[in-house]
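First comes the structure, then the notes that go with it.
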Protein chains: 2
Amino acid sequence: MDNRGMRISARADYAVRAALELAAAGDEASLKAEAIAAAQGIPHKFLEGILGDLRRGGLVISQRGGKGGYRLARPADSIAIADVIRVADGPLVSVRGVRPPELAYCGPAETLLPLWIAVRANVRKILDEVTLAHVAAAELPDEVLSLAEDPKAWTNP
Amino acid sequence: MDNRGMRISARADYAVRAALELAAAGDEASLKAEAIAAAQGIPHKFLEGILGDLRRGGLVISQRGGKGGYRLARPADSIAIADVIRVADGPLVSVRGVRPPELAYCGPAETLLPLWIAVRANVRKILDEVTLAHVAAAELPDEVLSLAEDPKAWTNP
DNA sequence: AGTTTCCCTATCGAATTACTAGGGAAATGT
DNA sequence: ACATTTCCCTAGTAATTCGATAGGGAAACT
């Protein structure tokens with residue numbers, strides 16, 4: 001009964017870190033998959049698959065050949081962290097595999113639905129607002145920063 | 001690449017719904033596993049395992065025999081939804097299986113750590129505050145309700 | 001005793017997760 | 001033209017997790 005709960009998968013984590021490397025390199029510059037993999041300690045072939053998702057999702061543009069690599073398709077301040085996660089990993093929050101609005105509860109559990117909706121809204125509030133540019137520049141919006149700076153937020157449970 | 005993301009497992013969902021049935025029955029009354037399973041449409045034997053977790057976690061008290069069943073160990077307004085989820089399903093939020101404070105990021109990804117912390121804090125803000133009594137009585141705290149009532153919170157992405 | 005109900009362990013198939021392998025296709029440099 | 005680089009695609013795989021089921025033992029009540 002240990003490591004379950006709401007988890008951010010390795011795939012989502014890797015996708016965001018790769019996108020951050022691209023953001024840090026500048027909107028014009030391009031990086032090779034191998035360079036990103038080395039910089040972030042991500043298995044190279046696994047990362048290639050993830051970068052393919054980001055490309056199909058319209059977040060990055062790729063080019064083959066000697067001078068090839070990947071670059072962001074849009075400015076880093078117009079790509080939210082949530083965009084990257086959704087493209088690489090599907091819907092941000094789900095309950096038993098389905099998105100909250102599709103759930104049917106009965107009896108005393110009826111009010112669970114708005115509760116899950118509220119949880120999802122509070123996750124979105126952060127991940128839809130924070131962009132690659134924010135994180136790459138280490139400058140989170142004030143509301144997010146104040147959440148993260150609360151010492152209680154760092155405690156175990 | 002479909003149903004991943006941050007998911008609330010069937011186990012966590014079932015655990016909360018079972019606890020809500022107990023809360024609705026009153027702090028003193030007790031219900032049999034079979035009755036809870038029928039009321040909420042949860043596989044009976046699967047639910048028994050979950051109720052075992054809740055008991056070992058100190059959230060419910062069980063009794064065997066003809067007049068047996070389960071009842072809450074504490075008043076419903078002193079048990080947060082987060083308590084139930086943690087006991088049944090482990091830590092609320094994790095990244096790649098580990099809890100955020102244990103993560104090590106480098107380069108432009110360094111600020112990811114406070115970001116995940118902020119996400120977790122925002123999830124906790126809801127699930128630590130809302131109790132079984134709130135949900136069973138269909139009366140969510142105002143801040144939570146206003147999050148859930150925003151029509152944008154119900155949209156797809 | 002006999003029934004009821006919780007309690008424990010074991011098992012199961014299907015899905016998911018995190019990777020790995022191998023080769024094909026396009027762009028570039030000489 | 002040719003070799004090299006780098007992306008691109010499909011398939012596979014070992015380990016784990018998820019959701020569920022089965023069977024029987026132990027305690028409590030009538």
Side-chain angles (χ1 to χ4, degrees), chain A residues 1-15 17-18 22 29-38 40-57 59-71 73 85 88-91 94-98, chain B residues 1-15 17-18 22 29-38 40-57 59-71 73 85 88-91 94-98:
Chain A
M1 178 229 324
D2 224 27
N3 270 330
R4 288 181 282 234
M6 297 173 61
R7 87 149 41 185
I8 289 156
S9 65
R11 197 177 176 80
D13 184 54
Y14 291 165
R17 282 157 64 190
L22 293 175
S30 81
L31 295 177
K32 306 179 203 308
E34 180 58 47
I36 300 172
Q40 286 293 325
I42 302 171
H44 165 232
K45 286 298 233 176
F46 190 32
L47 178 61
E48 273 197 349
I50 293 167
L51 287 167
D53 286 339
L54 298 186
R55 179 181 50 84
R56 279 182 288 274
L59 296 184
V60 306
I61 288 171
S62 63
Q63 178 140 16
R64 310 192 228 204
K67 301 196 84 158
Y70 295 88
R71 64 192 170 84
I85 296 179
D89 217 37
S94 66
V95 178
R96 267 162 45 230
V98 308
Chain B
M1 181 226 323
D2 223 27
N3 271 329
R4 288 183 282 235
M6 298 173 59
R7 87 151 40 187
I8 289 155
S9 64
R11 196 177 178 79
D13 185 54
Y14 290 165
R17 282 157 64 189
L22 294 175
S30 81
L31 295 177
K32 306 180 202 307
E34 180 58 47
I36 301 172
Q40 286 294 324
I42 302 172
H44 164 231
K45 287 298 231 174
F46 191 32
L47 178 62
E48 274 197 347
I50 293 168
L51 287 167
D53 286 340
L54 298 186
R55 179 180 51 82
R56 280 183 288 275
L59 296 184
V60 307
I61 289 172
S62 63
Q63 178 139 16
R64 308 192 230 205
K67 299 198 84 159
Y70 296 87
R71 64 191 170 84
I85 296 180
D89 217 38
S94 66
V95 179
R96 267 160 47 231
V98 307

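Summarising the geometry of B:Ser30 relative to B:Lys67, their closest heavy-atom pair is OG-O, 4.4 Å, with the distance given to 0.1 Å. Taking each heavy atom of B:Gly49 and B:Arg56 in turn, the nearest pair found is O-NH2, 4.3 Å. What you find for B:Ile85 and B:Ala12 is that their closest heavy atoms are CG2-CB, 4.2 Å. Looking at every heavy atom in both residues, B:Ala88 comes nearest to B:Ala15 through CB-CB, 3.5 Å.
Between the side chain of B:Arg17 and the main chain of B:Gln40, a donor-acceptor pair closer than 3.5 Å is present. Between the side chain of A:Arg11 and the backbone N or O of A:Ile50 there is no donor-acceptor pair closer than 3.5 Å.
Interatomic distance, OG of B:Ser9 versus CZ of A:Arg7, reported as 11.5 Å (0.5 Å rounding). Atom CG of B:Asp89 and atom CD1 of B:Ile8 lie 9.5 Å apart (nearest 0.5 Å). Note that CD1 of A:Ile61 and CG of A:Leu54 are 12.5 Å apart. Values are rounded to the nearest 0.5 Å.
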Polar atom pairs between nucleotides 9-13 of chain C and protein, under 3.5 Å, N or O only, would you list them?
none

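Atom CG of A:Asp13 is separated from atom P of C:dA18 by 10 Å (rounded to the nearest Å). Rounded to an integer number of Å, the gap from B:Tyr70 OH to D:dA28 P is 14 Å. Going from atom CZ of B:Arg7 over to atom P of D:dT17 covers 15 Å, rounded to whole Å. Atom P of nucleotide C:dA18 and atom CG of A:Asp53 are separated by 14 Å, given to the nearest angstrom. Between the CD atom of A:Glu34 and the P atom of D:dT5 there is a distance of 13 Å, given to the nearest Å. At whole-Å resolution of the value, CZ in B:Arg64 and C1' in C:dT4 are 12 Å apart. The CD1-P distance, from B:Ile50 to D:dG19, rounds to 9 Å in whole Å. Atom NZ of B:Lys32 is separated from atom P of C:dC7 by 13 Å (rounded to the nearest Å).
For A:Arg64, there are no side-chain contact (heavy atoms from CB on, under 4.5 Å) partners two or more places apart in sequence or in a different chain. With sequence neighbours left out, the side-chain contact (heavy atoms from CB on, under 4.5 Å) criterion links B:Ala33 to B:His44, B:Glu48, B:Leu51, B:Tyr70.
At least one side-chain heavy atom of A:Ile36 sits under 4.5 Å from a side-chain heavy atom of A:Leu22.
At D:dC7, none of the side-chain N or O atoms of A:Arg71 fall inside 4.0 Å of OP1 or OP2 (strictly under the cut-off). Note on A:Ser62: a side-chain N or O is less than 4.0 Å away from OP1 or OP2 of D:dC8. Residue B:Gln63 places no side-chain N or O under 4.0 Å from the OP1 or OP2 atom of C:dT4. Here B:Tyr14 reaches the OP1 or OP2 of D:dA20: one of its side-chain N or O atoms lies under 4.0 Å away. In terms of phosphate contacts, A:Arg11 brings no side-chain nitrogen or oxygen within less than 4.0 Å of OP1 or OP2 of C:dA18.
Note that the two end axes of the helix from C:dA1-D:dT30 to C:dT30-D:dA1 enclose an angle of 10°, each drawn from 5 base pairs, rounded to 10 degrees.
Of all the residues in residues 40-49 of chain B, B:Lys45, B:Glu48 reach under 4.0 Å from DNA chain C with at least one non-hydrogen atom.
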